[in-house]
Visitor: 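First the structure, then my questions, so here it is.
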Amino acid sequence: MSEKKPLLEISNIDTYYGAIHILQQVNLRVDEGELVCLLGGNACGKSTTLKTVLGMVKPKVGKIIFAGQDVTHQNTPARVKLGMAVVPENRRLFAPMTVLENLKIGAYVRGEAAEEDLERVYDLFPKLKERSSQLAGTLSGGEQQMVAVGRALMSHPRLILMDEPSMGLAPKLVEQSFEMIANLHSQGVSMLIVEQNANMALSVADRGYVLQTGRIVLEGEAKELAGHEELRRAYLGR
Amino acid sequence: MSENQVPEELQESAVTEAAKLGIGTDEWVAQHEERIARKKGIKGLPQLINESIPAWARWGVLLLISCAFGAFVDNQYLLRIGVNLGLFVMLSYGLNIVMGYAGLLDLGYVAFYGIGAYGYALMSSEQIGHHWSTWLTVLIIIIGTALLGYIVSLPSRRLFGDYLAIVTLFFGQVFVQLVLASDNITFPWADDYVDITAGANGIPGIDPFSFFGHKFLNIRDYYWLLLVLVALLTIAVSRVNRTRIGRAWRTIREDALAAESMGVMVNRLKTMAFVTGAAIAGLAGAIFAAMQTAVFVSGFDMPLMTMIYAAVILGGSGSLAGAVMGAIVMSVLPEVLRVTNYSEILFLAVLILTLAAVGKSVKRFIFNIVGIAIIGFIVKILLGAASIKTTPTKEWVVGPVSRALSHWMYVPLDRVLWGNSAFVILIVLIAYFTTTTPRIKAILLPIIGYLGIFLWEVRLITDVNTTRQLLIGAMLVVLMITRPQGFLGKARVEVL
């Protein structure tokens, strides 16, 4: 599909933690409106890829282009301002602050949070409206996930980065979580999802990448990957 | 029907079983309302006060009382306490921004207060011979301390928590040592030494404030100035706290990395917190110097720092009303405790409150009080039977409370020996109390209570200064056990 424009393009990224070479020549692309998942086992560099995209970790070599701009040397707030938003691993809500304050922080780069943005999040997650004055730390896991996603949406992101949306959630909530992701995707939100639960991730994604010890070893359409023999053996447990 | 399908009636019974056990309902969430519901009794009192009176009413009452105090009180000593309270509130506000909101553990904070005071002293006294206008001096001090705050904030970009505390502690000590050493500086081009700060002697003869030709000769002038400043600061700081900047400060305190990934400019906001806090402390320092007309570096060292921290933590870190309350306790209480009669009343009140808080039920509380009374009579009879000489009642009674107690209390003649023994026994018993079983605890509590009163009447009442410190320390310990988040602070919750 050639009419799709690339939103995020990282090319030949090499990332190090000190002397340890983590990402090796990683190439990855997310098109406008696309849902891409990044799969892989423990310690293969999934989260590091996300951190590199967001600018929490700087690559030694390589280039990151986001929304037509070279952001390789920009810091995280600048990238967030350009339209990245993150749903961090374990959600990382600000526990002693209210749900409302957590949502408003999501709009930080846009200035004061607009009422209609809040309404939009409340439409998506009506439960958050009832709980808006409750402290975020007292919510259940599923509700916290909603706050984390809502918080990301508050900045009008062009791309949402999700780190392990299934982590620490009960199986039923994992399903709900992915339903929510599919729902957002159908509304045209672009997403890059890092996930260990390959089955779930591939069921909602358009395309996928498989990372192994810092290298992309497989990439392709989600359907294609879901049927891939090697991948099934390695990650899907079937 | 395949073999692993469960018969319908069994399925249904499993469902009702699950409902009975509450499977599938999140208890933690379901009990949320209960959990935040008001605690009963004394522990719930702060919350009751907090919820039943709206914030503006509370601040309004406080403002009215403060105005009435300024208008009607003529006693210089009382006015001075008021001025000290105002300065303390300013310092607590500043520290509340740095530590309470942004979560930066700044142990050199009091140095900005000292720099403000010394800055004003140097620009308005015979020490160097400058007598600049108050406007200019105060402006220079605010800008200067803000700039210094910026410089001190630079390490905070890479340091967290205890590491930042060490660096800032060092900054505070550098200030003290610099002032102490700057009375004898020799330059290579001059024969004579230069005296800038007068070292430990301090700088006397500082000009009072002077605005539009009005000299601040009366302490009341400073009181009104501070009242206006504190009111303005209260409005400004609470406003800022509700904007995105205030929210962003709090996110840094909670999780700086997550805040950054939300687009919060963490370093810039840390710097802003430092700069604001430093400028407020600097201004307070200038006012202090002008009011006191003399400055000594020993007043800007760790003792004051701990008092300010105690005020902010006591009131509840991150709460402005808490900062005011903490400042009142930490600056007014030591003055009240100078009067032995007051301190005696306060001591007994704290003891009774502690017994009430520890006992948990009215029955226990009455048991403890009656127990203490009985122990008192037994001790009196025993000591009387052993014909231990007593101190004449006249010599130890300090007020109505101890006069009432004198019918019950046996005060031996050798107060030092008996008092010290009681002190040792008391500490041993308290140490034992913390580790023993509930039954023994119940028996020990009245004994500990009696020993506390005995120690107080026999020994401590003669030593006002030690008693003050002990009492404040004891109050802090009790409060931190019963309300770790501070009097008006929010209880912390963890993301699980």
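The chains referred to below are lettered A, B, ... by the order of the sequence lines, with proteins before strands, and numbering in each begins at 1.
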Visitor: Quick one: are A:Pro77 and B:Val264 in side-chain contact, heavy atoms under 4.5 Å?
Guide: no

Visitor: When rounded to the nearest 0.5 angstrom, what is the spacing between CZ in A:Arg92 and CG in B:Leu257?
Guide: 5.0 Å

Visitor: Has B:Arg157 got more than 12 heavy atoms of other residues, nucleotides or ligands less than 6.0 Å from its CZ?
Guide: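 More than 12 within 6.0 Å, yes.
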
Visitor: Pick from A:Ala78, A:Gly55, A:Gly111, A:Gly142: which one has the most heavy-atom pairs with chain B under 4.5 Å?
Guide: A:Gly111

Visitor: Mind checking the CG-OH spacing from B:Leu269 to A:Tyr108? Nearest 0.5 Å is all I need.
Guide: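 Reported to 0.5 Å precision, the distance equals 4.0 Å.
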
Visitor: With a 4.5 angstrom heavy-atom cut-off, which part of A:Arg79 approaches chain B: side chain, backbone, both or neither?
Guide: neither

Visitor: Side-chain contact test, heavy atoms from C-beta onward, threshold under 4.5 Å: evaluate it for A:Val86 versus B:Met262 and give yes or no.
Guide: yes

Visitor: Determine whether more than 12 heavy atoms belonging to other residues, nucleotides or ligands lie under 6.0 Å from atom CZ of B:Arg268.
Guide: no

Visitor: Less than 4.5 Å apart, side chain to side chain, heavy atoms only: is that true for A:Lys104 and B:Arg247?
Guide: yes

Visitor: Considering only heavy atoms and a distance below 4.5 Å, find which of A:Asn102, A:Thr76, A:Asn75, A:Ile105 pairs most often with chain B.
Guide: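 With the most close heavy-atom pairs to chain B, the winner is A:Ile105.
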
Visitor: What's the verdict on side-chain contact (heavy atoms from CB on, under 4.5 Å) for A:Val80 and B:Ser261, showing C-alpha distance, side-chain angles and the deciding distance?
Guide: CA-CA 8 Å; A:Val80 173; B:Ser261 69; over 6 Å; no

Visitor: When rounded to the nearest 0.5 angstrom, what is the spacing between CE in A:Met97 and CG in B:Asp255?
Guide: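 One finds 11.5 Å between CE of A:Met97 and CG of B:Asp255.
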
Visitor: So does A:Lys81 have more than 12 non-hydrogen atoms from other groups sitting under 6.0 Å from NZ?
Guide: no

Visitor: Sub-3.5 Å donor-acceptor pair from the side chain of B:Glu254 to the main-chain atoms of A:Ala95, do we have one?
Guide: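 Checking the backbone N and O of A:Ala95 against the side chain of B:Glu254, no donor-acceptor pair under 3.5 Å is found.
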
